[in-house]
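Notes to accompany the following structure.
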2 protein chains.
Amino acid sequence: MAGQKIQRQTGVALWRQIADRIRTSINHGDFDETGMVPPETVLALQFGVNRHTIRSALAALAQEGIVRAVQGRGTLIERKERLSFPISRRTRFSQGIGDQVRETRSVLLASGEEAASTELAKQLKVRTGTPLIRLETLGQADHRPVSRATSWFPADRFGDIAEVYRTTGSITKAFKELGVPDYVRVVTEITATHADESDLADLQLSPGAIVLVAQALNADLDNVPVQYSISRFAADRVRFTIEN
Amino acid sequence: MAGQKIQRQTGVALWRQIADRIRTSINHGDFDETGMVPPETVLALQFGVNRHTIRSALAALAQEGIVRAVQGRGTLIERKERLSFPISRRTRFSQGIGDQVRETRSVLLASGEEAASTELAKQLKVRTGTPLIRLETLGQADHRPVSRATSWFPADRFGDIAEVYRTTGSITKAFKELGVPDYVRVVTEITATHADESDLADLQLSPGAIVLVAQALNADLDNVPVQYSISRFAADRVRFTIEN
DNA sequence: TCTAAATGTCTATTGATATAGACAACCATA
DNA sequence: TATGGTTGTCTATATCAATAGACATTTAGA
């Protein structure tokens, strides 16, 4: 770890930069031998800052539930995880990470109907203004939120998808009930940005965190678009894997 | 734009949060009609902050060369770009974005030989300690840095790759000269993190910026690993596209 | 049971961040 | 050329971020 110095006067507080770095180190397994973060005085020396600054960083990580400080002993690592999320022609949320966690769940946050914008119409290959069903969903792994997605479906084929999804908790199953036995990922676009307010709330992130944004188009086996979605993943909890 | 409020007391200064948001809006094309950012007083109202805070944000964007303030007129948008970088079985740097820019270039920053770590050995399917060639390269598009990569090659097959790369400026061409007529992408892993000091320097980023990290394995047509690389992209300049 | 090592708490000080207000300088245009 | 709208600059004040030092409290182990 350490090695690189942290930057001052950048608009990002030192304690936050250090918190991000320590979180990365934990996820990387740097402290697996002891199961503890190095002592505050050692970290202060490594990062070249005051011990109080380190304490602010560790307090932020404790707030996230990643570490837990015990007086007299040290700062214990409570949780480390970065789920590997495969992206392929057969990308599905629960299948992809199913073997990495005990339980995956998908929750419907909201749903509604709206007319296709120019951008959405282009993606789904329908006319602008075509009625679409919009689903807002939250993907969880072991009761921790991992991703939050907005999906659009052509309303003529999938008018009842919100209902079906609510009962099944799975897009794949909902598609099956609505006459789409199988579907494939056509294209995925990946970007990264800072988390906005909604991300913080839904994904239980700490402010300043990073989200990976995946915009994806799924089509049925006749290559007709059935779903366009924008998913936002907590960047410190996931990794995308593309196998070719 | 706007809509979402910004967060206070998060360790990330308001001016930086606002700068990031305005940069995103510019890249999204929100101000294309006028070619200008809204007046400072309007932005201050929208974000619910003092005008001076907006000025700090715009000053940061001006420092990046994204906007240019003109007294009496307004703040002009100088540059907006986000390159689309395709990831497929045949992923290559210059080919992928070649049609989006006038010129792509790849520069050799450094090279050396090192013994394979456990992790590298696993990826390249060689024994730990096997000699590897390491190349540090910088990818440019229209003279602006886009990515910075560290690549490892088995030294027995590619001992001279640094020399060949220096003259050709292309991994693909270097492989060809060294007896690998073609190669394919086996797997790509994508994560996102805050830019470190080296990123800032090499990619000309502003502190606190985000980098997309792609770890990739390439193999020859006999499926023998030939290259493992870790590339870091300026997140506000690129987008990954996975076509299935 | 003593001691070393670790986290917890407190005070004080400095610099960066953010707000507030006022006014100057400049530009486009009526 | 007068005016409204815009960026540029200055002063003042309050809060957050970071440093510095001292000492208390807890734990594990000699």
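Throughout, protein chains are lettered first and strands after them, A, B, ... in sequence-line order, and every chain is numbered starting at 1.
Within the 4.0 Å cut-off from OP1 or OP2 of C/dT19, at least one side-chain nitrogen or oxygen of B/Thr53 is found. Taking side-chain N and O atoms only, A/Thr41 has no distance below 4.0 Å to OP1 or OP2 of C/dA5. At C/dA6, none of the side-chain N or O atoms of A/Thr75 fall inside 4.0 Å of OP1 or OP2 (strictly under the cut-off). At D/dT19, none of the side-chain N or O atoms of A/Arg51 fall inside 4.0 Å of OP1 or OP2 (strictly under the cut-off).
Put simply, CZ on A/Arg232 and OG1 on A/Thr193 are 6.5 Å apart, with the number rounded to the nearest 0.5 Å. Taking OG of B/Ser198 as the start and CD of B/Glu136 as the end, the distance is 9.0 Å to the nearest 0.5 Å. Considering CZ of B/Arg55 and CG of B/Asn50, their distance stands at 11.0 Å, rounded to 0.5 Å.
Atom C1' of nucleotide C/dA18 and atom CZ of B/Phe47 are separated by 16 Å, given to the nearest angstrom. For the pair B/Asn50 CG and C/dA22 C1', the interatomic distance rounds to 13 Å; values are reported in whole Å. Counting to the nearest Å, the P atom of D/dC16 and the CH2 atom of B/Trp15 are 19 Å from each other. Counting to the nearest Å, the P atom of C/dA5 and the CE atom of A/Met36 are 14 Å from each other. Across the protein-nucleic acid pair, A/Ile54 atom CD1 and D/dA17 atom P stand 16 Å apart, rounded to whole Å. Between the CG atom of A/Leu43 and the P atom of C/dT7 there is a distance of 8 Å, rounded to whole Å. Atom CZ in B/Arg16 sits roughly 16 Å away from atom P in D/dA17 (whole-Å rounding). Distance B/Leu58 CG to C/dA18 P: 14 Å, rounded to the nearest Å.
Of the N and O atoms on the side chains of B/Ser106 and B/Tyr165, at least one donor lies less than 3.5 Å from an acceptor on the other residue. Of the N and O atoms on the side chains of A/Trp152 and A/Gln123, not one donor lies less than 3.5 Å from an acceptor on the other residue.
Among residues two or more places apart in sequence or in another chain, the side-chain hydrogen bond (donor to acceptor under 3.5 Å, both in side chains) test is passed with B/Glu33 by none.
A residue-by-residue look at B/Ser56 and A/Arg55 shows that A/Arg55 has its nearest nucleotide of DNA chain C further toward the 5' end.
Aromatic rings from A/Phe240 and B/Phe240 are positioned such that their centres are separated by 6.0 Å or more.
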Under 3.5 Å, N/O pairs linking protein and nucleotides 1-5 of chain D:
residue: D/dG5; atom: N2; partner: B/Gly72; partner atom: O; Å: 3.2

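The base of D/dA17 is not paired with the side chain of A/His52 by any donor and acceptor separated by under 3.5 Å.
Comparing atom distances between the B/Glu40 side chain and each of C/dT19, D/dT7, D/dA17 picks out D/dT7 as nearest.
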